[in-house]
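In what follows, chains carry the letters A, B, and so on, assigned in the order in which the sequence lines appear, proteins first and then strands, with residues in each chain numbered from 1.
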Amino acid sequence: ARNDPVTEFFQHSLSNLLSPMILFFALGWIAVLAKARMELPEGMVLAMSYYLMAAIGLKGGIELAHEGWTVTVVLACLAGVLLGILLPIIAFAILRWGGGFSALDAAAIAAHYGSVSAVTFLTAATFLTREGYSYEGYTIAMMALMESPAIAVGLLLARLSDRRATQAEDGPPLREIVREALLNGSVILLVGGLVIGALTGEKAGETVGPFFFTLFQGVLCLFLLNMGIEAARRFADFREVGAFLTGFGLTMPLIGAACGLLSGRLLGFSEGGLLLVAILGASASYIAVPAAMRLALPQANPAYSMTLALGITFPFNVIVGIPLYFWIARLIH
Amino acid sequence: ARNDPVTEFFQHSLSNLLSPMILFFALGWIAVLAKARMELPEGMVLAMSYYLMAAIGLKGGIELAHEGWTVTVVLACLAGVLLGILLPIIAFAILRWGGGFSALDAAAIAAHYGSVSAVTFLTAATFLTREGYSYEGYTIAMMALMESPAIAVGLLLARLSDRRATQAEDGPPLREIVREALLNGSVILLVGGLVIGALTGEKAGETVGPFFFTLFQGVLCLFLLNMGIEAARRFADFREVGAFLTGFGLTMPLIGAACGLLSGRLLGFSEGGLLLVAILGASASYIAVPAAMRLALPQANPAYSMTLALGITFPFNVIVGIPLYFWIARLIH
Amino acid sequence: ARNDPVTEFFQHSLSNLLSPMILFFALGWIAVLAKARMELPEGMVLAMSYYLMAAIGLKGGIELAHEGWTVTVVLACLAGVLLGILLPIIAFAILRWGGGFSALDAAAIAAHYGSVSAVTFLTAATFLTREGYSYEGYTIAMMALMESPAIAVGLLLARLSDRRATQAEDGPPLREIVREALLNGSVILLVGGLVIGALTGEKAGETVGPFFFTLFQGVLCLFLLNMGIEAARRFADFREVGAFLTGFGLTMPLIGAACGLLSGRLLGFSEGGLLLVAILGASASYIAVPAAMRLALPQANPAYSMTLALGITFPFNVIVGIPLYFWIARLIH
Amino acid sequence: MEGEPQLQKLKKLEIVIEAIKLDQVIAIIDEAGASGYTIVSSTTGRGQRGRRAGGGLTNVFRNAMVMAVVEDAVAATILKRLEHLIQHFAGMAVVTDALVLWPDYGRDRSKPASPRTGAAP
Amino acid sequence: MEGEPQLQKLKKLEIVIEAIKLDQVIAIIDEAGASGYTIVSSTTGRGQRGRRAGGGLTNVFRNAMVMAVVEDAVAATILKRLEHLIQHFAGMAVVTDALVLWPDYGRDRSKPASPRTGAAP
Amino acid sequence: MEGEPQLQKLKKLEIVIEAIKLDQVIAIIDEAGASGYTIVSSTTGRGQRGRRAGGGLTNVFRNAMVMAVVEDAVAATILKRLEHLIQHFAGMAVVTDALVLWPDYGRDRSKPASPRTGAAP
Ligand SMILES: Nc1ncnc2c1ncn2[C@@H]1O[C@H](COP(=O)(O)O)[C@@H](O)[C@H]1O
Ligand SMILES: Nc1ncnc2c1ncn2[C@@H]1O[C@H](COP(=O)(O)O)[C@@H](O)[C@H]1O
Ligand SMILES: Nc1ncnc2c1ncn2[C@@H]1O[C@H](COP(=O)(O)O)[C@@H](O)[C@H]1O
Ligand code: NA
Ligand code: NA
Ligand code: NA
C-alpha cells in the first residue's frame with residue numbers, strides 16, 4: 001500500500017512542517033521578524049544543548065552496545081571521515097573558483113560544510129521517530145567522527161593557497177585549534193554520552209531514560225525556538241552579502257546530501273539511516289567549527305560562515321531538506 | 001452528596017494551602033523574612049517562565065482544536081477584551097478620585113489590573129486539576145487576549161488626564177510600547193503555544209506531552225518558590241507606601257473577580273471555567289505591563305504597581321482568592 | 001544465596017563505577033585533564049542543585065510522614081547532631097597536632113568535615129536504589145540537621161585556640177555566620193522540601209513526582225558531570241599543598257564513616273541506612289560551610305578546605321567509599 | 001621609538017541606563033558617530049530613583065552599562081542627548097580622559113601619546 | 001552655552017571585593033553618604049590571594065565589582081573603611097577623576113565643568 | 001596623616017577582547033608581571049569589525065573585558081603585545097591614570113598619593 005512518490009513527498013513535507021519542532025522554529029523566526037524583545041537566557045540555551053548532545057550520545061551508545069561493532073559500523077565510520085574530507089574540498093573549489101572568494105574565506109566556509117550540525121541531525125532523527133521509521137544507531141557515532149576532519153582539511157586548504165594562513169606568528173598551534181574544536185562542551189557530551197551509553201547499555205535507559213529520552217522532543221522544541229531566533233538574526237545580516245553565497249548555502253547541502261546518500265546506499269543503510277547520513281553531508285557546523293576557524297584563520301570573516309550555516313543552510317535543511325532527502329532515500333532504497 | 005458551602009470553602013482553602021505549590025510559595029516568602037541569601041538564577045527563572053507559558057499555551061491550543069471555534073469561544077474572547085477595557089477604568093476611578101493619586105500613577109496602576117497574571121491563572125488551573133474539576137480550554141485564549149487592551153486603556157486615561165503623558169518628545173511611539181508589551185518572551189510563548197497546539201492537536205500531546213504536561217506541576221512549584229521570594233521583597237518595600245494602596249490591592253481583585261464571574265456566568269461557563277475567568281479579572285500583570293508602562297509613562301513610579309501587583313494582589317489571589325472565587329463559582333453555578 | 005564478601009565488594013564497586021552517574025563524573029574529570037573549554041553555565045548548576053535538594057527533601061519528608069515520628073527518628077537526629085560535634089573535634093586534633101596546621105586553618109577544615117556533602121549522599125542513595133536496597137527516610141532529616149553544628153564547633157575551636165579569631169572587629173556576628181550557612185538556597189530547599197513533603201505526604205508524589213522523582217537520576221548525572229569538572233580543577237590546585245593534607249582527605253572520610261556506621265549500628269539501621277549514615281560521617285561540605293568559614297575565619301586559606309572536600313574527599317567517597325562502606329554495612333548488619 | 005604602540009587621547013564615557021532604554025542609548029551613540037561601544041548588559045544599583053535590584057521577571061528594575069571611547073565632540077553630542085533621556089529614565093554618565101589602543105586600520109590618530117608626555121607606555 | 005550639559009567633577013571609585021562581602025561594601029558606601037552605586041555582580045580575577053575563578057557551587061571564589069561616583073570627602077571615608085576590610089578579604093579599589101552627568105533634580109552642582117577648561121563636552 | 005589610606009599611582013588598563021582570545025590576553029598580562037586582573041567575562045559590543053552581539057551557541061561573537069591595574073612599564077609591555085593581537089582579533093585597550101588602594105602586604109608603594117597633591121582622599 002505504498003503511495004505514489006509525489007503524494008508521499010507532500011505528506012512528509014506537511015507532517016514535518018506541522019510538527020511541534022518546526023512550528024517552534026517558525027515561532028522564533030517570526031518573533032525576530034516582529035522585532036520582539038525575546039532572548040532565551042544563555043544558560044538555558046547551553047543547558048539544552050548539553051542535554052540534547054548527552055541524550056543523543058547515550059542513545060547512540062546504547063544502540064552500539066546492542067548492535068555490536070560489526071564491519072558495517074567500522075565502514076560507516078570510515079565513510080563519515082571520508083565525507084568530512086571530501087566535502088570541504090568540493091565546497092572550497094566552488095567558492096574559490098566559482099565565487100572568486102579569497103582562499104581564507106573559502107577555506108573557512110568550506111570547513112563548516114564538511115562538519116555537521118547536530119541539531120539538524122536531531123530534528124531529522126525525531127522526524128523518523130514520529131513517522132515510525134528506525135535508523136542505524138551508529139549514524140550517531142558517524143556524526144561524532146565527522147565533527148573534526150573538516151577543520152584539518154579547511155586549514156590545509158588555506159595553508160596551501162595563502163601563505164598568510166601559515167605564518168601568523170600569533171596564530172595558535174594546530175593542537176590548540178583542534179582542542180577548541182573537539183573539546184567544547186557539545187562534542188564532549190556527544191562523545192562522552194556515546195561511550196557511557198556503550199558501557200552501561202540498556203540498563204542506563206531504565207534509570208536515566210525518563211530524563212534523557214522521554215523529555216527529548218519537548219526540549220528539542222524549545223531549542224528549535226532558539227534556533228529560529230538565531231537563524232532569523234543571521235539571515236537578516238546576510239542580505240548584505242549577496243546572491244552567490246545564498247546560492248551556495250542552498251546548493252551545497254544538496255551536494256552534501258547526495259554524497260551522503262550515495263555512501264549510505266553503498267553501505268546498505270535503511271531508509272532512516274539514509275536520511276541521517278544525507279543530513280550529515282548536507283548540514284553545516286555552527287558550534288565547533290566557527291570557534292576553531294576563528295582561532296586558526298582570523299583573517300576570514302566569521303560572519304560569512306555563520307550566516308550561511310545558521311541563516312541559510314540550517315532552515316533549508318530542516319524545512320525542505322528533511323522531507324526531500326527522505327523522499328529520495330525511500331526512492332533509492 | 002454535596003457538603004454544606006461553608007465546610008466546602010474551608011476544605012478547598014485547606015487543600016489549596018497544603019498543596020505543594022502554595023507551600024513552595026510560602027517557603028520563598030519565609031526565606032526572605034529570614035533574610036536568607038537565596039536567589040534563583042535569572043536564567044532559571046526565565047527558563048521556567050517560558051516553559052510554563054509554552055505549556056499552558058499548548059494545552060489551550062490542543063483543547064481549542066478539540067472544542068472547535070464555537071460561538072461561545074468567540075463570545076468568551078470578546079468578554080475577555082471587554083474586561084480588559086472595563087477594569088482599568090474602574091481601577092483608575094478608584095485611585096484618582098478615591099485615593100487622590102496623580103493621573104499618571106493612577107493610569108499606570110490601572111493598566112496592571114486590567115491585564116492578567118499568568119502564574120495566578122496557572123495556579124488556579126492546577127488547583128482545579130487537583131480537585132478533579134475540568135475547565136474550558138478557551139479561557140487560555142481569553143488570557144492571551146487580555147494581556148494588552150488594558151495597556152492601551154491605561155495610556156488613553158493618562159493622556160486624557162495629564163498633558164505630560166502626551167507630549168514626552170522622548171517618549172516612544174505607541175507602536176513601540178505595544179511591541180514591548182506584546183512581544184516579550186512570555187506572551188510570545190503563550191500565543192505561539194496556543195497556535196502550535198491548535199495546529200498540531202492531540203498528536204502533539206504524545207510527543208511533547210511528557211515534557212510540557214507531565215512536568216508542569218513540579219516546575220510550577222519551583223516557579224512559585226521564586227514568586228514567594230519576589231513577592232516578599234516587594235511586600236517589604238510596600239510598607240512605606242500606605243494603607244490606601246494596600247486596601248486597593250486587596251479590594252480590586254474582588255471587583256475584578258466579580259466582573260469575571262459575572263461574564264462567565266452569562267456565558268454559561270462550568271465551575272472550573274468560572275474560577276479561571278474570575279482569576280483573569282482579579283489578577284494583575286507584573287511581566288508585560290510594567291515594561292510597557294515604564295516606557296510609556298516614565299513619570300509614574302514603577303514601584304507602586306509592582307508592589308501592588310506582586311506583593312499584595314498576587315499572594316492574596318493564590319492564597320485567599322482561589323478558594324474564595326471557586327466557592328462563589330460553585331454557589332452561582 | 002549470599003555471595004562471598006570479597007566477590008560482593010568487587011561486584012558493588014564495578015556496578016558503582018559503571019553507573020551512568022560515576023561515568024558522567026569521570027567524563028567531567030577527563031574533560032578537565034584534556035584542558036577542554038567546557039563549563040556548565042552557572043545558572044544551570046545552581047538550578048540543578050536546587051532541584052536535587054528540593055527533590056531529596058520532598059522524598060525524605062514524604063517518608064517521614066509515612067514512618068511517623070518514632071523514638072528511633074528522634075534518636076537518629078540526635079546521633080546526627082552528635083556526629084556533627086564529634087567529627088570536627090577529631091579532625092581539628094589531627095590537623096593541629098598531627099599536621100601542625102595553624103589553629104585557624106585546622107578549625108576551618110575541621111568544620112567542613114563535620115558537615116555533610118549532599119551530592120555524595122544523593123549518589124549513595126541512588127546506588128542503593130539501583131542495587132535494590134531501601135533506606136530509612138529519616139537519614140535525610142539527619143543530613144539536614146548535620147549541616148550546621150560543625151560550623152559552630154569549628155568556630156569555637158578557633159576561638160579557643162587563637163585570639164585573632166575572636167577579635168576581628170570587622171568580623172560579622174555569629175548570627176550572620178549561621179545565617180550564611182543555614183540560609184543558603186541549598187539548605188533552604190532541603191529543609192523546605194522535608195517540611196513540604198511531610199505536610200503533603202504521598203499525595204505530593206502523584207502531582208509533583210514526575211518532575212521531582214522520575215527525572216532525579218538523569219539530573220544527578222549532569223550534576224555529577226559538573227562535580228567532575230570542579231573536583232578535577234580543585235585536585236589540580238592541590239598538588240601544591242602537600243602529602244599530609246592529601247592523606248587527611250583520604251583518612252578522615254574513613255574515620256567519619258566508622259563513626260557513622262557505629263551510630264547507625266547502635267540505632268539498628270538497615271543495610272541501606274547504614275551506608276547513608278556512613279556517608280554523612282565520611283563526606284565534607286563544599287557549599288554551606290565554605291561561605292560560613294570564609295566570613296568567620298577569613299585568615300584561614302579557603303583553598304585548603306575546598307581542595308580537600310571537593311578535590312580529594314568527594315571523589316574518594318563516590319568512587320571507593322560507597323562500595324566500601326556498603327560492604328562493611330552488609331558485614332556488620 | 002617606532003616599536004612603541006601609539007595611543008590616541010580620547011574621552012571614555014561610561015553610561016548607566018535602565019535596561020529598557022539601552023536600545024535608545026545605543027542609537028544615540030551610533031548616531032553621534034562613535035566608532036564603537038561595549039555593553040555590560042546586566043547590572044544593578046542605587047541612585048536618586050531608589051534601588052534597582054533586578055528580579056527575574058521584568059527588566060524594569062535592571063540597569064545596563066555602556067562604555068564608549070570617543071572624540072570630544074562625539075562625547076558632547078552623546079551627553080547632550082543623554083541629558084534629556086535621564087530626566088525621565090534612571091541613568092547617569094561618567095566621563096574620563098583615556099588613552100586608547102586601536103587596531104591599526106590606517107585609522108585617524110591625530111594625537112598619539114608620546115612616551116614622555118603621555119601616560120602609557 | 002546654556003544648552004550644554006553641565007558636568008560635575010567627582011571621584012569614580014571602582015571596588016573589587018569578594019562576593020560574600022559585597023553587602024558590607026554597599027553598606028560602607030551608603031553610610032559614607034554616596035548618592036548611588038552600580039554593581040557588576042559576577043566577576044573573576046587574580047590578585048595577591050591567588051586566582052578567584054568562580055565555580056557554580058559557592059561564591060567563596062567569586063568577586064563583585066562596585067562603581068560609585070562620589071565627592072572627594074565621601075571617597076576618603078569609603079577608602080578608609082575599605083582599607084581595613086581588604087586586609088582580610090580579597091579586594092582592592094581604584095580611584096579616577098571623572099566628570100559626571102546627573103539628571104537635574106536641582107542637585108548640588110558646585111563645580112560645573114566649563115566647555116573650555118573641562119573635558120567634555 | 002597616619003590614618004589616611006595610602007594610594008598608589010598606577011595605570012588602569014581596560015581591555016576588550018573577543019572571548020576566544022581571553023586566555024591569551026590573561027597570559028600576556030601575567031607574563032608582563034601584573035599583580036592581578038579582574039575579568040567581566042561576557043560583554044557585547046560594536047567596533048570596526050562590526051557588531052558582536054553574543055548568541056547562545058558559540059562565543060565567536062562575544063567579547064570579554066579585563067581590567068588590570070599596573071605600573072607604567074608593565075602597561076607598556078602589555079600594550080605592545082596587545083597591539084599585535086588586535087590586528088587579527090576584535091579588541092581594543094583603554095588606559096587611564098588611577099590611584100589604587102591595595103591591601104597592605106608590605107607591598108612596594110613607591111609613590112603614595114598625598115592628600116594634597118593626589119586625587120583622593
Ligand atoms: N553616584 C553613583 N555612582 C554610581 N552609580 C550611580 C550613582 N548614581 C546612580 N547610579 C547608577 O545609575 C542608576 C540610575 O540612577 P538614578 O537615575 O539616580 O536612580 C542607578 O540605579 C545606579 O546604577
Ligand atoms: N592589579 C590588579 N588589577 C586588577 N584587578 C586586581 C588586581 N589585583 C587584584 N585584583 C582584583 O582583586 C581581587 C582580590 O585581589 P587580592 O586581594 O589581591 O587577591 C582579585 O581577585 C582581582 O579580581
Ligand atoms: N569606540 C569604542 N568604544 C568602546 N568599545 C569599543 C570601541 N570600539 C570597539 N570597542 C569594543 O571592542 C570590540 C572589538 O572592536 P573592533 O576590533 O574594532 O571590532 C567591540 O566589539 C567593542 O566591544
Ligand atoms: Na556537512
Ligand atoms: Na485583571
Ligand atoms: Na561529615
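Taking the side chain as every heavy atom from C-beta outward, D:M92 and E:L101 never approach each other to under 4.5 Å. You'll find the side chain of D:L79 reaches within 4.5 Å of the side chain of E:L7, heavy atoms only. D:T43 is not listed as a side-chain neighbour of E:I39, based on a closest heavy-atom distance of 4.5 Å or more.
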Please test D:T96 against E:D97 for side-chain contact (heavy atoms from CB on, under 4.5 Å), starting from the C-alpha separation and ending with a verdict.
-> CA-CA 7 Å; D:T96 8; E:D97 288 312; 5.6 Å; no

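For residues 34-48 of chain D, every residue pair satisfying the salt bridge (Lys or Arg N to Asp or Glu O under 4.0 Å) rule, not counting sequence neighbours, is listed here: D:R46-E:D30.
With a threshold of 4.5 angstrom between heavy atoms, E:V100 approaches chain D through its backbone and through its side chain. Heavy-atom distances place both the backbone and the side chain of D:V94 under 4.5 Å from chain E. Using a 4.5 Å cut-off between heavy atoms, E:M67 contacts chain D through its side chain alone, with no backbone atom that close. Looking at E:T38, both its backbone and its side chain come within 4.5 Å of chain D, counting heavy atoms on both sides. Contacts between D:R51 and chain E at a heavy-atom distance below 4.5 Å involve the side chain alone, from C-beta outward.
Contact between E:S35 and D:Q48 at its shortest, heavy atoms only, is CB-NE2, 3.6 Å. Shortest non-hydrogen contact noted between D:G91 and E:P103 is O-CD, 3.6 Å.
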